Number of protein chains: 2
Amino acid sequence: MSGVSAPRQVDVYRDEISQRIPVHQQVYEDLRSRILFGELAPGQPVTIQGLVETLGAGMTPVREAIRRLTSEGALEFQGNRRVTVPTPNTACIEELIVARRALEPELARRATHKASPQDIDILEGIDTALDAAIARGDVSAYLHLNYEFHSKLYTIASTPVLLAIVEGLWLRFGPSLRVVCGRMGTQNLPDKHKETVAALRAEDEEAVAAAIRDDVVQGMEQVREVLESNALTGEMIDT
Amino acid sequence: MSGVSAPRQVDVYRDEISQRIPVHQQVYEDLRSRILFGELAPGQPVTIQGLVETLGAGMTPVREAIRRLTSEGALEFQGNRRVTVPTPNTACIEELIVARRALEPELARRATHKASPQDIDILEGIDTALDAAIARGDVSAYLHLNYEFHSKLYTIASTPVLLAIVEGLWLRFGPSLRVVCGRMGTQNLPDKHKETVAALRAEDEEAVAAAIRDDVVQGMEQVREVLESNALTGEMIDT
DNA sequence: CAAGAAAATTTTTGATCAAGTTTAGGGCAT
DNA sequence: ATGCCCTAAACTTGATCAAAAATTTTCTTG
């Protein structure tokens, strides 16, 4: 071809801003966020073609995202080719409690000495915003900020394997958290974030681990309660 | 609710013979097995088109299988569109030790009371075959049977969430086990399977958990040792 | 004649493949 | 050693085929 002095068409676009993110990655992140924060309710079916139309993406990327989320437990094969957001039962919640209680304090412990003062400030800032969200009854903001607090803390630990496991756990009970808020409101959602921040400032490993353990157990117990009362009242899976 | 809901859905004969397994599932299982048992070495690149040609499958199913395994930690994005079998470093092994030590004894404990005499017989049979494999230096058989022993035990626990997590852990250190065997042979690979079986027969939860804990720690320490000696001797990792 | 259920048809959705487009990495020339 | 170009591989789309759900039709029975 000629093009001796021909400028290449895509020469400048390769800056940092461009960041060619593959479509399957975008779809994955979008779906993941919507599941994690309860925008897709438990039991809700997720169809490939529906996502293709909604997101305007091709079929293969959507399939890849669904496979990925299925293997993370965020979606569930419903027997015959159907995929839904899972509805955890009591036994599942029990397992999640065991796993979170075993792993998250460990992550918190490892984050203790690695947390810089700025990190702790950020965590405190998240918690402040979280309190504000609770005060005005903003469920979505509460869910996002609560996740952000834990995620930030665990990221500080710099333990990628443990982090991946725990993030997978959050995907499993995330949809239920919104149901809990719908039942109990945001007022009765105590946490141990201030204790966590104080223990981090004191660099007290055990105290950080204990605060996170209490936070985790407290939160999961509420999920279990609401789940059991839901199972009793009626299986209303309305749209 | 429409109370009719007559079970007019006649069960298709698909139970026994038909069993139409999707291609993406077959590819997933094939790849998973090859990674878990070290047929794909750590660091080895995995290309989509290579698999398409090797397996004779289409591109979409292969992509789905790779996404799934990537999200399970069995494969790894190598930055720019490249996928390889991960090469765990010491920090990664440390994390795996923490996670396995936290979760597998818990699974074993829960399996104790659910294990039927037949289940225990099966476990003992696997261990006998395992000893035979060690005696004749059959690395592949050793790897398969060792996995089978643990997998069988954890399946008995009937805790799907914990099981999924632990199987994910196995995928991460599986490729390294073959490297360990290549270094140390099969003779010096002690386990605590007989102690486990005896404790199961006695229905002694704590003893079962302790045996599995020792087995896990013992095995992972060997992985760590070989990994460190490998890191010292040959930096064969591409820059 | 009406009502309900079984069967057949339609329609929606999932699974797979093949072709076109884009991008990263290696080879080659200067 | 540096920069351009070319190849090979990843990414994406659209089309096609098969399977399952929804709907309609028809047949049987009270």
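Letters go in sequence order (proteins before strands), and every chain restarts at 1. Bear in mind the structure is a predicted one, so any value in this text is a computation, not a measurement.
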Between CD of A:E64 and P of C:dA15 the distance, given in whole Å, is 14 Å

Reckon B:R63 touches a base, only the sugar-phosphate, or nothing at all at heavy-atom distances under 4.0 Å?
base

Take the protein atom CZ of A:F77 and the nucleotide atom P of C:dA15, then report the distance between them rounded to whole Å.
6 Å

From CD of B:Q49 over to C1' of C:dA18, roughly how many Å is that when rounded to an integer?
12 Å

Whole-Å gap separating C1' (D:dC11) and CD1 (B:I48):
8 Å

Ion pair A:E106/A:R110, N-O distance below 4.0 Å:
yes

Rounding to a whole Å, what distance do you find between B:Q78:CD and C:dA24:P?
15 Å

Just the rounded figure in Å: distance from P of D:dT13 to CD of A:Q26.
10 Å

If the condition is salt bridge (charged side-chain N to carboxylate O under 4.0 Å, His left out), which residues does A:R34 pass it with, not counting sequence neighbours?
A:D30

What is the distance, rounded to the nearest whole Å, between atom CZ of B:R82 and atom P of C:dT23?
16 Å

Quick one: is B:N80 getting a side-chain N or O under 4.0 Å of the C:dT23 phosphate, OP1 or OP2?
no

Closest nucleotide of DNA chain C for B:R81 versus for A:E53: which of these residues is on the 5' side?
A:E53

Rounded off to whole Å, could you give me the CD-to-P distance for the A:Q25 and D:dT12 pair?
10 Å

What is the nucleic acid contact for B:T47, judged by heavy atoms within less than 4.0 Å: base, sugar-phosphate only, or nothing?
sugar-phosphate

Any side-chain to backbone donor/acceptor pair from B:T54 onto B:G50? Under 3.5 Å, distance only.
yes

Quick one: label A:P61 by what it contacts on the DNA or RNA (base, sugar-phosphate, nothing), any heavy atom closer than 4.0 Å.
base

So, A:R178 and A:E39, do they make that salt bridge, N to O below 4.0 Å?
no

